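Below is one structure, written out as structure tokens; comments come after it.
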Amino acid sequence: MSRPVARFLSSTSKARGVWSEYAARPSSLQLVDKTARNELFEGFSASGPSSMKSNNKHNYTSPELLDDTFKSAYEILEQDAARQYKFIEQNKDKLSAKQLEKAMVKTEQYNPEVMYNTREFADCLDRSVPVYRKFLKEKWESYGQMITMQRLEQLHVIPDTLPTLAPETEVNVKFGHNDEAEFADWVVPGTRLPAFAVSKPPTIEIQEFEPVENGTGLYTVLVVNPDVPDLSCNGYSTALHYALVNVPLDFVNNTITPLSLVEHPERVLKPYMPLLPEKNVPTQRACLWVFRQGHELKDVGVSESQFDIRAFAEENQLHAVGAHVWRQDYDRSTNSVRAEYGLEKGRVFDQIRNAEPLL
Amino acid sequence: MHITTQGLLAPAKAPLRAVAQVLNQIRTATKRVSSSRTNMKDSAGRRLGPKKFESSFVKPGQIIMRQRGTKIHPGENVGLGKDHTIFALEPGYVRFYLDPFHPLRKYVGVALKKDIMLPYPHFEPRVRRFGYNVLKGAAAEAEENRMSRKEHLAQPELKERAQKKEDYNNSKIAEYTSTIQATAGDFSEQEVALGAARLLFISKHLANETLTEAAAADQATFNYVHDAELASKRGESSADELATSRASYIEFAKKFDGLFTVDFTGAAHARLSTEALEAKQAESRAKLDEFSNVKLSTKDLKQIENIISQPGVFSKADREALKQKYIPTVLPESVPGTVVEVKEGGKLPKGAVPVRTYDPTTRSIQTVYRTKDAFLSAE
């Protein structure tokens, strides 16, 4: 069995165009899978393409004229990219950060290696590269962002905590202290979690996608519970359960792990206290808000019960860019978590609602 | 029937016929038994309309409006019955109002306070009534222990699962303890226990693919530190004790992680340096190469699997790739002794299996006869 395996970039023509140049471009633009990269440019061996799972792959042949078409398309796109790189080189000083980002995306968005990476290796993309961030943003907007906004609206996180949200960052939350798969993975917004699953502070991933103009790179994270029973007025009040301030984040260093806060205790304004609903209290919402800071916060005080998140955000010039929510009910592990935190046993409420008016 | 007329009326023959036909029409007996539809039209009034008016105080369940269809739509804190009756869900003051989000509808709702107007401002927090009484004493205890039927029925299974988990953890802890003790003797008994618990935690995260090894190790350290902090907060240890225990654990974790680790299957092993790992991988691959292009016995297969699944040598993806390569479902035709030559028209030897393959170069289907031991999955 013999078949043409030589492709256009084989030996002689390789390392010519702008997409083969890695002096100025980050090496993460190369295809992650080295075998697949070789096959893409030089053709696959007689045993068939490595990306194919079939047992019969040694019998595979590319469709007719595919290699020629690929070659000419690649050349045209590469020339476009070269022109774009030239434009950036000439106008580097005139372009704003956002314009530069857009131009950088244009240079690489049709590079087959980049496209292959975004499709097959989406988990390990280099977030410092604009084109990958654009892809990640599109992916987030097509699902994660919609889920988050749906849950925030339907669970009335907006407007019960802050008036509204124009989401700009992807926020993911994970309680890593759990060793069971059910609770140890990323939390889908709105999930009801038992007390033991949230008994230690979460790992929070905050992904920015675009450069921020005049950004300080500092972030504030608040977890509030707007469903604390307030018996004095027969209504509800808001409590603060966790507050982090002055957390430096960027495109690559995007995760706040609990251990990083042990190393930087000055970032913890209010240590984590899980929501511990009492028996028969309606489901409580843990609303996690992420703010971009306008300046570094110094000497900020917070009242833990009767916390006013709107006033806090306004006083400290905080701009909300992302949010997350999970829910909690009383369950059989609540009392043990209460004991862990040195709290007394919770109150027990009647199962049946009374008819006393709101005061 | 035909009527003839004479004299003066004779010229007007045709119209007369029509008249005569009417005169001779027969009305058969068709008495309607029931009374006519006209008389059925008037029922008693259904007493529809508002039962409570603007600003009147209502208790939960009180009816605010009786109506056919939703002349008025239910707004805040009211419910809609099956006949579109609007009733209060909360105690408060009735408000009839318009909602800018539905400009063609009229609404009725209940404001929880006298000075609140509806609809609520769109971006303000909702006003909500709590409405539960605190229970005290025996009633509280009974209520706290009360289980729903679902929870009650789930108890045996929950217990069984907890037991199963505990058994698994204990067996793994015992395994890790013996691994640690066998390899390095300079850990105290308490440190061995801490190390085993650490390995167990990391192995579960690796098996579930919820944290990377480094992240799981960090989380394990944090878990210990956090528990120590809570114990100090409860007054079980002083601030000094907390600081020393935290520092000593962090130091221990660093030392321990340098010596031991687990892989995704939960097998503990000594940590290898990058060079040592590469050397071991190369050595294993060389060993595996001995099995390529030869017939594989059951013993060989076992040996291959053992080489591939050595703890900590190959990653999950590598293991799958190696298995596919060295234990294929069908051995390649190039393996000597797996292809049976059959002459055309000759008798098929015993145990030979015909395999039809497509050859794209000649665009023809060819039949190759293979021995039974060429098929590994069949064994």
Side-chain angles (χ1 to χ4, degrees), chain A residues 1-3 55-56 59-61 156 158-161 163-164 174 176-181 184-186 200-201 203 226-227 229-231 233-236 238 257-260 262 271 279-282 310 330 332 335 339-342 345 347-359, chain B residues 57 59-61 90-92 112-113 120-136 139-141 143-144 146-147 151 165 200-201 204-205 207-211 215-216 218-223 225-227 229-230 233-235 246 250 328-330 357-361:
Chain A
M1 259 179 268
S2 67
R3 117 175 71 99
N55 278 336
N56 203 20
N59 280 342
Y60 174 80
T61 41
H156 303 287
I158 48 183
D160 280 356
T161 51
T164 187
K174 175 188 270 186
H177 69 274
N178 294 301
D179 55 12
E180 288 167 53
D185 216 339
W186 297 111
K200 291 191 173 74
T203 300
D227 303 316
D230 186 352
L231 295 185
C233 68
N234 197 16
Y236 293 93
T238 301
T257 60
L259 193 66
S260 72
V262 172
K279 177 88 178 182
N280 288 336
V281 162
R310 294 183 187 213
Y330 173 88
R332 298 291 162 203
N335 283 339
E340 243 174 64
Y341 277 81
K345 241 179 131 188
R347 295 167 293 187
V348 176
F349 290 92
D350 199 349
Q351 199 188 359
I352 295 162
R353 219 146 165 256
N354 63 32
E356 288 155 27
L358 181 70
L359 298 176
Chain B
F57 184 81
K59 291 194 274 184
E90 298 283 339
L112 297 180
K113 284 184 179 177
Y120 294 132
H122 188 62
F123 290 116
E124 290 298 307
R126 296 171 305 159
V127 180
R128 293 171 294 146
R129 187 180 73 100
F130 176 59
Y132 292 93
N133 295 332
V134 182
L135 293 180
K136 291 259 155 66
E141 201 164 319
E143 177 58 31
E144 180 149 31
R146 180 182 60 80
M147 287 183 187
E151 190 183 359
K165 189 180 172 184
L200 179 65
F201 180 79
K204 283 188 176 178
H205 272 296
N208 298 331
E209 296 182 344
T210 42
L211 287 179
D218 279 359
Q219 182 72 46
T221 306
F222 173 77
N223 290 351
V225 170
H226 192 256
D227 286 342
E229 275 172 7
L230 288 184
K233 199 179 152 196
R234 292 194 298 265
R246 179 198 293 180
I250 290 174
T329 42
V330 186
T357 48
Y358 176 68
D359 183 355
T361 46

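Just so we're on the same page: letters track the sequence lines, and every chain starts at 1. Remember, predicted model here, so these are calculated numbers, not experimental data.
Heavy-atom distances place no part of B:Glu209 under 4.5 Å from chain A, backbone and side chain included. Of the two parts of B:Lys136, neither the backbone nor the side chain holds a non-hydrogen atom closer than 4.5 Å to a non-hydrogen atom of chain A. Looking at A:Thr203, the atoms closer than 4.5 Å to chain B (heavy atoms on both sides) all sit in the side chain, from C-beta outward. The contact between A:Leu231 and chain B is made entirely by side chain atoms (from C-beta outward), counting heavy-atom distances below 4.5 Å.
Considering CZ of B:Arg129 and CG of A:Asp230, their distance stands at 14.0 Å, rounded to 0.5 Å.
The candidate from B:Pro60, B:Gly61, B:Ala140 with the greatest count of non-hydrogen atom pairs under 4.5 Å with chain A is B:Ala140. Of the listed residues A:Arg310, A:Arg353, A:Lys279, the one with more heavy-atom pairs under 4.5 angstrom with chain B than any other is A:Arg353. Chosen from A:Ala181, A:Cys233, A:Pro258, A:Ala184, the residue pairing most often with chain B at heavy-atom distances under 4.5 Å is A:Pro258. Heavy-atom pairs under 4.5 Å with chain B peak, among A:Gly342, A:Pro271, A:Gly235, at A:Gly235.
A salt bridge does not link B:Glu141 with A:Lys345: none of the charged nitrogens is closer than 4.0 Å to a carboxylate oxygen.
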One pair to check against side chain to side chain donor-acceptor pair (under 3.5 Å): B:Asn133 and A:Asp350. What are the steps and the verdict?
CA-CA 6 Å; B:Asn133 295 332; A:Asp350 199 349; 5.1 Å; no

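When all heavy atoms of A:Glu340 and B:Arg234 are compared, the closest pair comes out as O-NH1, 2.6 Å.
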